[in-house]
Amino acid sequence: MDFSLLPAPILIGLGGLFGLMIGSFFNVVIFRMPRGESVVWPASHCTRCGYVIKWYENLPVVSWLALRGKCRSCSERISIQYPLVELLTGVVAAILIWFWLNDGRGYDLDFKIAVTFLIIASIPIFIIDFRHFLIPDMITFPGIFLGLAISFLPGGGTPMRSVIGALACGSFLWVVGFVAGKIMKKDAMGLGDVKLLAMTGSLFGAETALLGLLFAAFLGTVAGVPMLLLRKLDEHRHIPFGPYICLGTLLSAFYGPTVLNWYFGLLSR
Ligand SMILES: [Zn+2]
């Protein structure tokens, strides 16, 4: 079945529904991963009384509203973060489908898939990295394999570009982190950032991912100074760099060629 033949409102609706379900999965990752718990076992349960949540009590957004944000068994409050993450992921997915159907038609299919994955994956990365300074392997490993998978589609990428992108970008950031760690005498960068850059390298190729890293360093510095001044950022802790890598890579994916042309144009003048 060719999905692209369906009317736009149905495609956007399906995208939104799919996003709600992905958001539901993100909730599990967001709550369990920082505690070192498995994502697949045990089944969703109340963290206070252990009540195992039935599938119909676990529907995105709807169930939280129906239960009025409380556990059916012990009335423990269920965080509003659950429905918010689901809603956000659903809305973002719907907007992305709308964008690809309208303004974004000219892009290759592999690029569309890579950007969609990066933007959707940014949601748990933003939440978990800012709170716990962690980036889940449950997000980056599938992303690395997705990059390789879509490189077989017709478009800009090749399997070789994807593999080299992952290896070159991952090892580059690992070396940077290692050297910075020696100089600063502490762990400057988490392995999560290294795996995230391997992911963007696999999805977009080394040039786009490394330019994205450059943008990320710039954005992180710009955002980091007021955070330091507001004492939000403890100098002894890791800097949550993952969100900036996501933003920087997105900028690089869309505007990288323009920026590079402009820069090399300046040099050759
Ligand atoms: Zn309960």
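Numbers here simply count residues along the sequence, with the first being 1.
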Flag, side chain of [X] to backbone of [Y], donor-acceptor distance under 3.5 Å:
X	Y	answer
T89	V85	yes
S151	G157	no
E76	C71	no
N102	W98	yes
D110	L153	no
S171	L167	yes

Under a 4.5 Å cut-off applied to non-hydrogen side-chain atoms, are [X] and [Y] in contact?
X	Y	result
E86	N27	yes
F241	L213	yes
E57	R72	yes
L96	I120	yes
W55	N58	no
L250	F215	no
Y255	W262	no
V29	F25	yes

Counting only heavy atoms not in [X], do more than 12 sit closer than 6.0 Å to its [atom1] atom?
X	atom1	answer
F254	CZ	yes
F218	CZ	no
F117	CZ	yes
F18	CZ	no

Roughly how far, to the nearest 0.5 Å, is [atom2] of [Y] from [atom1] of [X]?
X	Y	atom1	atom2	value
E207	R161	CD	CZ	7.0 Å
L196	I125	CG	CD1	5.0 Å
L59	M21	CG	CE	10.5 Å
L14	L6	CG	CG	7.0 Å
I30	R131	CD1	CZ	7.5 Å
I78	R68	CD1	CZ	12.5 Å

May I ask whether [X] and [Y] are part of the same hydrophobic cluster, defined by side-chain heavy atoms of I, L, V, M, F, W, Y residues being less than 4.5 angstrom apart, directly or through others?
X	Y	value
L17	I123	yes
M199	L219	yes
Y82	I53	no
I80	I128	yes
Y56	Y51	no

Note to self: For a quick test of reading the model, state the closest non-hydrogen atom pair linking G104 to K112 and the distance between them.
What the structure shows: O-CE, 3.3 Å

Notebook entry, point to check: Where do S202 and G143 come nearest, in terms of heavy atoms and distance?
Noted result: OG-O, 4.3 Å

Margin query: Between L251 and L247, is the side-chain contact (heavy atoms from CB on, under 4.5 Å) condition met? List the steps.
Written below: CA-CA 6 Å; L251 281 176; L247 285 175; 5.8 Å; no

Next item on the list: Kindly indicate, with the supporting measurements, whether the criterion side-chain contact (heavy atoms from CB on, under 4.5 Å) is fulfilled by L203 and I150.
Entry: CA-CA 8 Å; L203 286 169; I150 60 174; 4.2 Å; yes

Notebook entry, point to check: Checking side-chain contact (heavy atoms from CB on, under 4.5 Å) for the pair F264/L267: CA distance, chi angles, key distance, verdict?
Noted result: CA-CA 5 Å; F264 288 115; L267 288 187; 3.9 Å; yes

Item checked: From CA spacing to verdict: side-chain contact (heavy atoms from CB on, under 4.5 Å), F26, I139 -> CA-CA 9 Å; F26 284 168; I139 305 292; 3.9 Å; yes

